[in-house]
Amino acid sequence: MAPSAASGGSSLPSGFAVFTTFPDLLFIFEFVFGGLVWILIASSHVPIPLIQGWVMFTSVSCFIATTLLLFLYLIGAHGSRTSWITLDAAYHCIASLFYFGASVLEALAAIQLQVGFTYKYYHENIAAVVFSFVVTLLYVVHAVFSLIRWKSS
């Protein structure tokens, strides 16, 4: 792996180099685990619909935006312009905040499910909480390294 952000490289990769540079490699994990969170939230039973609505909005929006950014990086649409580095850093910071809020709310909903619901629903929500925090961590790490790349550009 070529550590472009850590070594002071300030350009975004394009083509299949996205899969070999850090933090852009994290797009794959954000895509996979973000989709898993989306599936788990869609199939879970949450007693407060507003919480499930926010968590679904966050997971679906971030999944679509991550997919779009990954596709645009693969085709090289950024053209090595520095505005895309700013966009990358801003997006991952906002996604980190949204996912953190959604993870906390989903954990609250899972705690409320502890009493009065079957264990199947409870375990499903616990899995959604765990993977939601994993995705939050991925977005935070990506945001930190994107900010480092933005600072050096």
Side-chain angles (χ1 to χ4, degrees), residues 1-6 12-78 84-150:
M1 254 190 312
S4 65
L12 291 171
S14 60
F16 287 109
V18 172
F19 301 123
T20 61
T21 58
F22 191 80
D24 303 305
L25 177 67
L26 294 176
F27 272 124
I28 299 165
F29 298 106
E30 293 165 3
F31 179 80
V32 170
F33 289 115
L36 185 60
V37 169
W38 179 8
I39 292 167
L40 286 168
I41 295 300
S43 67
S44 67
H45 297 280
V46 179
I48 304 168
L50 187 61
I51 290 176
Q52 187 170 17
W54 175 252
V55 176
M56 274 299 284
F57 168 76
T58 300
S59 64
V60 170
S61 299
C62 289
F63 182 82
I64 291 171
T66 297
T67 304
L68 182 65
L69 270 178
L70 178 61
F71 177 72
L72 290 173
Y73 284 5
L74 284 173
I75 64 171
H78 53 76
W84 281 78
I85 296 172
T86 306
L87 173 73
D88 185 52
Y91 165 68
H92 283 95
C93 287
I94 291 169
S96 298
L97 289 173
F98 276 23
Y99 248 109
F100 180 70
S103 299
V104 169
L105 288 174
E106 184 63 24
L108 174 69
I111 290 170
Q112 290 178 348
L113 277 177
Q114 205 168 8
V115 178
F117 279 83
T118 63
Y119 278 116
K120 176 187 175 220
Y121 298 137
Y122 179 66
H123 288 203
E124 207 170 64
N125 278 352
I126 291 298
V129 169
V130 168
F131 283 110
S132 184
F133 276 110
V134 167
V135 174
T136 301
L137 180 64
L138 287 169
Y139 275 111
V140 167
V141 169
H142 200 147
V144 167
F145 283 96
S146 292
L147 287 170
I148 292 169
R149 179 170 41 202
W150 172 72

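Predicted model, so just to flag it, every value in this text is computed and none were measured. Just so it is clear, the values below take in all heavy atoms, side chains as well, and ignore hydrogens, waters and symmetry mates.
Side chains of Y99 and V140 form no contact here, defined as non-hydrogen atoms less than 4.5 Å apart. Counting heavy atoms from C-beta outward, T67 and F71 have side chains that stay 4.5 Å or more apart. Side-chain contact check for L147 versus W150: some heavy-atom pair is nearer than 4.5 Å. Within the 4.5 Å cutoff, side-chain heavy atoms of Y73 are placed close to those of W84. Side-chain contact check for E106 versus V37: every heavy-atom pair is 4.5 Å or farther apart. With contacts defined as side-chain heavy-atom distances shorter than 4.5 Å, the pair V141/F22 qualifies.
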Practice problem: Test side-chain contact (heavy atoms from CB on, under 4.5 Å) on F100 and Y139 and set out the steps. | Solution: CA-CA 9 Å; F100 180 70; Y139 275 111; over 6 Å; no
Quiz item: Between F145 and I148, is a side-chain contact (heavy atoms from CB on, under 4.5 Å) present by the stated rule, with each step listed?
Solution: CA-CA 5 Å; F145 283 96; I148 292 169; 4.1 Å; yes
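In terms of heavy atoms, I51 sits closest to L105 at CG2-O, 3.5 Å. Between V129 and A110, the shortest heavy-atom distance links the atoms CG2-CB, 4.0 Å. Here the closest heavy-atom approach between residue A107 and residue F133 is recorded as CB-CE1, 4.4 Å.
In this structure, I75 places its CD1 atom where more than 12 heavy-atom neighbours from other residues, nucleotides or ligands lie under 6.0 Å away. No more than 12 heavy atoms of other residues, nucleotides or ligands lie within 6.0 Å of CZ in F29, so this atom counts as exposed by the packing criterion.
Panel note: side chain S43, backbone L40; a donor-acceptor pair is recorded below 3.5 Å. Counting only distance, with no hydrogens or angles, the side chain of S44 and the backbone of I41 share a donor-acceptor pair below 3.5 Å.
At a cut-off of 3.5 Å, with distance as the only test, no side-chain donor of Y91 or S146 sits close to an acceptor on the other residue.
Ring pair F31/F63 is parallel by interplanar angle, where below 30° counts as parallel and above 60° as perpendicular.
Shown here are the side chain to side chain contact (heavy atoms under 4.5 Å, CB included) partners of L68, two or more places apart in sequence or in another chain: L72.
Screening residues 25-41 for side chain to side chain donor-acceptor pair (under 3.5 Å), with sequence neighbours left out, gives E30-H92, E30-H142.
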